[in-house]
Amino acid sequence: MEPAAPRRDQQSADDPGRADSWGYGQRVESVEAWHERFEGLTRVLLDNPDMFGYCYTQLTDTFQEENGLYDFDRKPKFDIDRIRAFQTTEAAYERAGEDRGDGLPLVASRL
């Protein structure tokens with residue numbers, strides 16, 4: 001699904017010319033860069049055998065924050081199928097019984 005076009009009456013949060021930004025770290029330069037950053041941050045969680053879940057807390061943009069996966073009008077800003085594919089990647093804790101390389105199983109039972 002194609003990302004929604006920005007409304008003419010508001011400056012888009014994903015406009016590369018926009019000077020300010022909500023979020024953490026340096027502003028990404030493109031939608032592709034956003035996907036790469038999101039996948040990298042998520043990979044850290046998925047690869048941690050002691051991590052059993054996480055929550056993306058802002059699905060849609062609001063009046064004061066524009067960190068959503070969907071814009072204020074609930075249209076996708078990113079490739080939702082790509083996000084879904086990455087989010088459904090098998091997590092480390094799901095690979096229970098596999099060897100981590102140190103002789104311990106890949107589970108959190110050692111806590």
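Because the structure is predicted, anything quoted here is derived from the model rather than measured. Below, all heavy atoms of this structure are taken into account, side chains as well, without hydrogens, waters or symmetry copies. Here, residue 1 is the first one in the sequence, and each next residue gets the next number.
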Exercise. Would you call Arg37 and Glu32 a salt bridge, taking side-chain N to carboxylate O under 4.0 Å as the test?
Worked result: no
For this session: Considering only NZ, NE, NH1 and NH2 on the basic side and carboxylate oxygens on the acidic side, decide whether Lys77 and Glu66 come within less than 4.0 Å.
Result: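 Salt bridge: no.
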Exercise. Taking the six-membered ring for Trp, are Tyr93 and Phe52 parallel (under 30°), tilted (30 to 60°) or perpendicular (over 60°)?
Worked result: tilted
Seminar exercise, completed: Residue set satisfying salt bridge (Lys or Arg N to Asp or Glu O under 4.0 Å) with Arg43, at least two apart, ordered chain then number -> Asp47
Exercise. If you round to the nearest 0.5 Å, how far is CG of Asp79 from CZ of Arg84?
Worked result: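 Reported value, rounded in 0.5 Å steps: 9.5 Å.
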Exercise. Could you give the distance from OG1 (Thr88) to CD1 (Ile83), rounded to the nearest 0.5 Å?
Worked result: 12.0 Å
Problem set entry | Close side-chain approach of Thr60 to Asp71, heavy-atom, < 4.5 Å |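 No, their side chains stay 4.5 Å or more apart.
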For this session: Taking the side chain as every heavy atom from C-beta outward, state whether His35 and Phe78 have any atom pair closer than 4.5 Å.
Result: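 Side chain of His35 against side chain of Phe78, heavy atoms only: contact under 4.5 Å found.
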Problem set entry | Glu65 (side chain) donor-acceptor with Thr62 (main chain) under 3.5 angstrom |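 Absent.
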Exercise. Who pairs with Tyr56 by ring-ring contact (aromatic ring centres under 6.0 Å, His included), at least two apart in sequence or on another chain?
Worked result: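 Tyr56 satisfies ring-ring contact (aromatic ring centres under 6.0 Å, His included) with Phe38 once adjacent residues are dropped.
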Problem set entry | Residues clustered with Leu45, ILVMFWY side-chain links under 4.5 angstrom | Leu46, Met51, Tyr54, Phe86
Exercise. Looking at Arg74 and Asp61, what are the two nearest heavy atoms and their distance?
Worked result: NH1-O, 3.9 Å
Problem set entry | Closest contact, heavy atoms only, Ile80 versus Pro76 |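 In terms of heavy atoms, the two residues are closest at CG1-CB, 3.6 Å.
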Exercise. In terms of hydrophobic clustering (I, L, V, M, F, W, Y; side-chain heavy atoms under 4.5 Å; direct or indirect links), are Val31 and Leu59 co-clustered?
Worked result: yes
